[in-house]
There are 2 protein chains.
Amino acid sequence: MNRKVSAITTEIFPSEMRTSLGRNLTYGMLDVIGRAIVIGEYDNVAFPTEAELARKHGVSRAVTREAVKMLTAKGLLSARPRQGTIVQPQSSWNLFDSDVLHWLLERKFSVELLRHFNQLRVAIEPEAAALAAIQATDAERTAIGAGLARMVAAEAGADNTLAADIAFHVAVLEGSRNPFYKQFRDMVASALATSIHFTNRIKGRTASIEDHRAVYDAILARDSDGARCAMRRLIGDVLVLIGEAEATAST
Amino acid sequence: MNRKVSAITTEIFPSEMRTSLGRNLTYGMLDVIGRAIVIGEYDNVAFPTEAELARKHGVSRAVTREAVKMLTAKGLLSARPRQGTIVQPQSSWNLFDSDVLHWLLERKFSVELLRHFNQLRVAIEPEAAALAAIQATDAERTAIGAGLARMVAAEAGADNTLAADIAFHVAVLEGSRNPFYKQFRDMVASALATSIHFTNRIKGRTASIEDHRAVYDAILARDSDGARCAMRRLIGDVLVLIGEAEATAST
DNA sequence: AAGTCAGATAGATATGATAATTGCGTAAAC
DNA sequence: GTTTACGCAATTATCATATCTATCTGACTT
């Protein structure tokens, strides 16, 4: 075995390997196995043993074990001697892990998942905006304004719409000065990236800038309740669209 | 090395080893290293190499690597050749991982952390109650009622107050029928366990039962807004207490 | 029927060797 | 003097193998 590891890695895990993960065999295995679990490949079949996994992917058992341990840490697997490695029920997966989130989103586009996303956002972001109105530093308020400015620029084609939208919402989360709210950064980014195609198809986003500006103005004015309501309206609108889509799809 | 592993494990990680983690050396290492990181033991010193960690704790490098990989999966560490293993900034820790959460809480009782906890709860739980009012199944409504009944029983000394409180709030989260909300189960349990000593010290919880009943009644009546408001009042009260405690502590 | 023990299975651990990566210092080149 | 090239060394990454430990199964015993 005198070939370069990177060559082997790219051979085993060709293109779909996420760049946010490392380039090691271990991370490659993590990605491959994690995605397979999320897809449901092992839903009705027994999960292979470590030895089988290692052999199937042509890597050592040490690498396999490290990948399995990482998936255990993320709540997807559990391992016991003699019983083997088993896939945990989805309720114990750590859905706020960005890897798990990515695997879930790559699996399939599901309006239901999008609704669950935005049902969470409608709880988190208005409250984050309310906190930001009270507690954000000047720098953080500036960042929120910069996000809004990017959205305006994107409207004129001078910036990326999605990136600008994400920047705004992330800035609000940062402004909450609460580490738990900041954790939702990846989640919101994923939700926006997923929903932008969806919402754009249904309804023009022209009104969106004004809605975002209302949030910004309230935060600047240190109007906590105003910020909460404005943000709630913003996300509530998306939620209504999703609800309508689900209703028409089921009839 | 012909001694039993369990003996070595209990020797290295005597009593403080959490039972939710496995009894293996790997999980013991995970717990010990994770706690040390959260405590801040490596804040201003270089993180040891794998070989040093293994030697210091008297385990093999394989075990050490698996523990490090799990901590990497939880966002606490990152490892690169030549650079070594380094502790990630707290912003990239996965705070919704129950291990990380436990380590954080064991570190020190911090009113600030408690406030951050409840600032999140005041976003999540009212919305969960609102969703539950609309979407919960009969069985889930029954579970919420059972939680309330346990609280009443606890009032009379026939049940554990904390366990009953947790059961009620978890039942509401389950009733939301949204997997993301269900993820907050551990978080809410930890928050309640941490805050019960705090709030009990300040103010009797006699009014609490009525507040909880208001939530339950609104959910039963399928009154979404009523459930949201009732739950918001419940947690908002705690938040006010925490704010007062912080204010008096700083003066 | 209940308890006990042997075998089999699969993860857990240890160990030693080798490969890959990359920060850093030094020398060469411009 | 500055930049580039190159090689050393440190550290993680990987592999291979052997042994240990936990636990299920089933046969055997009482």
Side-chain angles (χ1 to χ4, degrees), chain A residues 1-13 17 21-33 42 45-73 76-88, chain B residues 1-13 17 21-33 42 45-73 76-88:
Chain A
M1 190 73 72
N2 50 1
R3 297 160 57 205
K4 301 179 66 129
V5 167
S6 58
I8 303 175
T9 305
T10 49
E11 177 186 311
I12 301 177
F13 323 111
M17 202 174 115
L21 294 172
R23 295 287 183 187
N24 314 339
L25 287 181
T26 301
Y27 290 98
M29 283 289 279
L30 167 67
D31 199 48
V32 168
I33 304 177
Y42 300 109
V45 297
F47 196 83
T49 64
E50 290 177 355
E52 285 170 348
L53 271 180
R55 188 160 29 82
K56 193 196 304 183
H57 295 96
V59 297
S60 72
R61 249 188 91 197
V63 166
T64 306
R65 279 184 60 83
E66 286 169 15
V68 167
K69 277 288 185 297
M70 293 185 81
L71 288 166
T72 304
L76 304 202
L77 291 178
S78 82
R80 291 172 56 191
R82 170 75 203 189
Q83 175 186 356
T85 309
I86 60 177
V87 176
Q88 293 291 104
Chain B
M1 189 74 75
N2 50 1
R3 297 160 56 207
K4 302 179 66 135
V5 167
S6 58
I8 303 175
T9 305
T10 49
E11 178 186 311
I12 301 176
F13 324 111
M17 199 174 119
L21 294 172
R23 294 288 184 188
N24 314 335
L25 287 182
T26 301
Y27 289 99
M29 283 290 279
L30 167 67
D31 198 50
V32 168
I33 304 177
Y42 300 109
V45 296
F47 196 85
T49 65
E50 289 176 355
E52 286 169 348
L53 272 180
R55 188 159 30 80
K56 194 197 301 184
H57 295 95
V59 297
S60 72
R61 241 190 96 203
V63 166
T64 306
R65 279 183 60 82
E66 285 169 15
V68 166
K69 275 289 184 298
M70 293 185 80
L71 288 165
T72 305
L76 305 201
L77 292 178
S78 83
R80 290 172 59 190
R82 169 72 207 186
Q83 178 184 354
T85 308
I86 59 178
V87 176
Q88 293 292 104

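Note: hydrogens, waters and symmetry copies are ignored here, and every other heavy atom, side chains too, is used.
Rounded to an integer number of Å, the gap from A:Leu53 CG to C:dA10 C1' is 13 Å. Summarising the geometry, the separation between CZ on A:Arg55 and P on C:dG11 is reported as 12 Å, rounded to the nearest angstrom. Rounded to an integer number of Å, the gap from CG of B:Leu30 to P of C:dA12 is 13 Å. Protein atom OH of B:Tyr27 is 9 Å distant from nucleotide atom P of C:dT13, rounded to whole Å. As a whole-Å value, the separation of B:Ile86 CD1 from C:dT22 P is 13 Å.
Qualifying side chain to side chain contact (heavy atoms under 4.5 Å, CB included) partners for A:Pro48, counting only residues two or more places apart in sequence or in other chains: A:Tyr42, A:Glu52, A:Leu53, A:Lys56. Contacts of B:Arg80 classified as side-chain hydrogen bond (donor to acceptor under 3.5 Å, both in side chains), with partners at least two apart in sequence or in another chain: B:Gln83. Residues meeting the side-chain hydrogen bond (donor to acceptor under 3.5 Å, both in side chains) test with B:Ser60, sequence neighbours left out: none. With sequence neighbours excluded, the residues forming a side-chain hydrogen bond (donor to acceptor under 3.5 Å, both in side chains) with B:Thr26 are B:Glu66, listed by chain and number. Evaluation of the side-chain hydrogen bond (donor to acceptor under 3.5 Å, both in side chains) rule for B:Arg55 yields no partner, not counting sequence neighbours.
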Hey, what are the protein-to-nucleotides 6-12 of chain D N/O distances that come in under 3.5 Å?
from, atom 1, to, atom 2, distance (Å)
D:dA10, O4', B:Arg82, NH1, 3.0
D:dT11, O2, B:Arg82, N, 3.3
D:dT12, OP1, B:Glu50, N, 3.4
D:dT12, OP1, B:Thr85, OG1, 3.4
D:dT12, OP2, B:Glu50, N, 3.3

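Contact between the side-chain N/O atoms of B:Ser60 and the OP1/OP2 oxygens of C:dA14 is found at a separation under 4.0 Å.
Taking all atoms of both residues into account, the shortest heavy-atom contact from B:Val87 to B:Phe47 is CG2-CD1, 3.7 Å.
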